[in-house]
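Beneath this line is the structure, given in structure tokens, with notes to follow.
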Amino acid sequence: MSGALDIAAPLPGAAFGARVTLARPLSLRMPEGLPQALADGGGLLLIPGLNEIAERPRLLVEMSYLFGPEVEDYRTLLTRVSMAHETVPEIFMVTNMVPGSRPPPARPEPPLTADGKLPVQYPHRVGWHTDQSYRRPPPDISLFFAVNPVARERGQTIFASGTLAYDALPPALKARVDNLEGVHAQPGSGRGRGDAEAGRTPRPFAPHERSQKQPVARVHPVTGKKALYLCERGQMDWFDGPFVGMEPGPHGDGARLLDELMAHYTRPEFIYVHEWTQGDVLVWDNRCLIHTATWYDADKEQRMMWRTTVRGNPGAIYAGEAKSWVPQESTAA
């Protein structure tokens, strides 16, 4: 028990994370101590029973400001503005209930592991990423609220701990990644692995659209711990990367290293699988975790989740940098 927070750690079936029960509703008082609980919990908090957010969505934004000074406004620089909440534009809607929304991921093939379990390890499970890693400075924290989740055992969110994965690297591999940079590309930009494998030529980019270099072993600015920081197919640049100074492309030594690292990163002992219940809030730290979504039947089920994105403390290596994704004419205005 920590003041107004009842904390139980780690999360069931995982070696990290914490479940937090609040002593009073958000509408009465925003809880203190959540950022420290997040750091102590290895970058993942589950806060159940926050159904009041569905009626008062601004509460999710107020809660987000506990974790940093800037919460993204999704009316700006968003391809589909329709995915921003109509009255609270800091909320991004992850849903199949809005025209033009992104479909859920495909089922893995096979859908279960040989022992009948949900697949989590790459490459059986794909889609692993950390939010907006194609931006410099990248964001710190994401909050995800279950307005209308699908039935449990579908539509899960799976997390992997970059801290645990880094600590468990063999010494030679740890030394190899310590000074390595990855090249991160925005999904849909034509620089993904599938584009490279198909021999497509990427379109020209404006400066604010360019892929960004990020450390593969990233020092967390709060805990001081190192964590693996990389993504896979759709969020790395497979024309100039995936790694600086290594053979680029989907068949070179850079690709082989990424596949090795992702398979290690997503080993079951570094994983937490969240089965959603209406009213759940998950808070995760993009600086030390990756995550991926699972399949649900979008033809028969409706899903509505709300996400906010928090910035402000990416670490010393980003000090003084302008936002890479903002066009220069906007920064000068």
Side-chain angles (χ1 to χ4, degrees), residues 10-17 19 42-48 83 92-98 101-133 142-162 164-165 187-188 192-194 228 230-236 259 262-286 288-307 309:
L11 286 167
F16 64 100
R19 179 186 175 100
L44 185 64
L45 296 180
L46 164 61
I47 312 174
M83 302 311 294
F92 179 78
M93 298 185 294
V94 181
T95 182
N96 66 331
M97 298 167 66
V98 174
S101 58
R102 185 183 302 172
R107 273 180 168 170
E109 182 55 46
L112 299 175
T113 60
D115 55 358
K117 294 182 179 180
L118 184 76
V120 298
Q121 191 170 15
Y122 176 87
H124 192 175
R125 171 70 62 189
V126 296
W128 288 104
H129 68 285
T130 185
D131 289 341
Q132 298 178 354
S133 66
S142 296
L143 288 82
F144 208 43
F145 170 64
V147 184
N148 184 50
V150 297
R152 293 167 72 89
E153 300 184 356
R154 293 185 298 280
Q156 302 99 328
T157 306
I158 311 176
F159 296 87
S161 168
L164 296 178
R193 194 168 191 166
L228 287 178
L230 70 161
C231 307
E232 44 114 337
R233 283 192 80 84
Q235 207 161 298
M236 303 297 286
D259 288 341
M262 290 304 305
H264 169 85
Y265 199 158
T266 56
R267 280 163 40 184
E269 60 264 41
F270 309 141
I271 295 293
Y272 169 69
V273 178
H274 187 64
E275 303 274 2
W276 287 95
T277 297
Q278 190 173 44
D280 283 351
V281 168
L282 279 183
V283 184
W284 68 80
D285 195 324
N286 289 291
C288 61
L289 299 181
I290 54 173
H291 62 280
T292 191
T294 69
W295 174 87
Y296 67 93
D297 191 342
D299 293 330
K300 298 179 180 178
E301 299 177 283
Q302 290 188 323
R303 185 178 192 249
M304 175 63 76
M305 314 290 278
W306 290 347
R307 191 188 79 194
T309 304

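These numbers come from a predicted model, not from an experiment. Below, each value reflects all heavy atoms present in this structure, side chains not excepted, and no hydrogens, waters or symmetry copies. Positions are given from 1 along the sequence.
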Extract all donor-acceptor atom pairs below 3.5 Å that involve side chains of residues 106-113 and protein atoms in other chains or at least two apart in sequence.
| residue | atom | partner | partner atom | Å |
| --- | --- | --- | --- | --- |
| Thr113 | OG1 | Asp115 | OD1 | 2.4 |
| Thr113 | OG1 | Lys117 | N | 3.0 |
| Thr113 | OG1 | Lys117 | O | 3.2 |

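For the pair Arg125 (side chain) and Pro119 (backbone), a donor-acceptor distance under 3.5 Å is present. Arg233 places no side-chain N or O within donor-acceptor distance of the main-chain N or O of Val126, the cut-off being under 3.5 Å. Checked by atom type and distance alone, the side chain of Asn96 pairs as donor or acceptor with a backbone atom of Glu301 at under 3.5 Å.
Considering only residues two or more places apart in sequence or on other chains, Thr95 meets the side chain to side chain donor-acceptor pair (under 3.5 Å) condition with none of them. With sequence neighbours left out, Thr130 forms a side chain to side chain donor-acceptor pair (under 3.5 Å) with Asn286. Remark: Glu232 engages no residue in a side chain to side chain donor-acceptor pair (under 3.5 Å) (not counting sequence neighbours). Remark: Glu275 engages Gln156 in a side chain to side chain donor-acceptor pair (under 3.5 Å) (not counting sequence neighbours). For Lys300, the side-chain contact (heavy atoms from CB on, under 4.5 Å) test picks out Asp297, with sequence neighbours left out.
The structure places OG1 of Thr292 at 10.0 Å from CZ of Phe159, a figure rounded to the nearest 0.5 Å. The line from CD1 of Ile47 to CG of Leu143 is 7.5 Å long, rounded to the nearest 0.5 Å. Note that the CH2 atom of Trp128 and the OG1 atom of Thr266 stand 6.0 Å from one another [nearest 0.5 Å]. Atom CG of Leu289 sits about 13.5 Å away from atom CD1 of Ile158, to the nearest 0.5 Å. Rounding to the nearest 0.5 angstrom, the gap separating the CG atom in Leu228 from the CE atom in Met262 is 9.0 Å. In this structure, Met93 CE and Met304 CE are separated by 5.0 Å, a value rounded to the nearest 0.5 Å.
Using a 4.5 Å cut-off on side-chain heavy atoms (C-beta onward), Asp259 and Tyr122 make contact. When side chains are defined from C-beta on, Arg303 counts as touching Val94, because their heavy atoms get closer than 4.5 Å. Between Asp131 and Arg307, some side-chain heavy-atom pair lies under the 4.5 Å cut-off. In this structure, Pro268 and Gln121 have side chains that are in contact, with non-hydrogen atoms separated by less than 4.5 Å.
Between Ala15 and Pro10, the shortest heavy-atom contact is C-CB, 3.8 Å. For the pair Pro187 and Gln235, the tightest heavy-atom approach, listed with the atom from each and the gap, is CG-OE1, 3.6 Å. Contact between Gly42 and Phe16 at its shortest, heavy atoms only, is O-CD1, 4.4 Å. When all heavy atoms of Ile271 and Ala160 are compared, the pair lying nearest together is CD1-CB, 3.6 Å. Minimum heavy-atom separation, Gly43 to Cys288: CA-SG, 4.1 Å.
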message: Could you walk me through whether Asn148 and Gln302 satisfy the side-chain contact (heavy atoms from CB on, under 4.5 Å) test, starting with their C-alpha distance in whole Å, then the side-chain angles of each, then the deciding distance to 0.1 Å, before giving a yes or no?
response: CA-CA 7 Å; Asn148 184 50; Gln302 290 188 323; 4.1 Å; yes
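Between His274 and Tyr272, the ring-plane angle classifies as tilted under the 30° and 60° cut-offs.
Of the N and O atoms on the side chains of Gln132 and Thr309, not one donor lies less than 3.5 Å from an acceptor on the other residue.
Atom CZ of Arg19 sits in a sparse spot, with 12 or fewer heavy atoms from other residues, nucleotides or ligands closer than 6.0 Å.
For the pairing with Phe144, the side chain to side chain contact (heavy atoms under 4.5 Å, CB included) check across Phe92, Trp284, Trp306 returns one residue only, Trp284.
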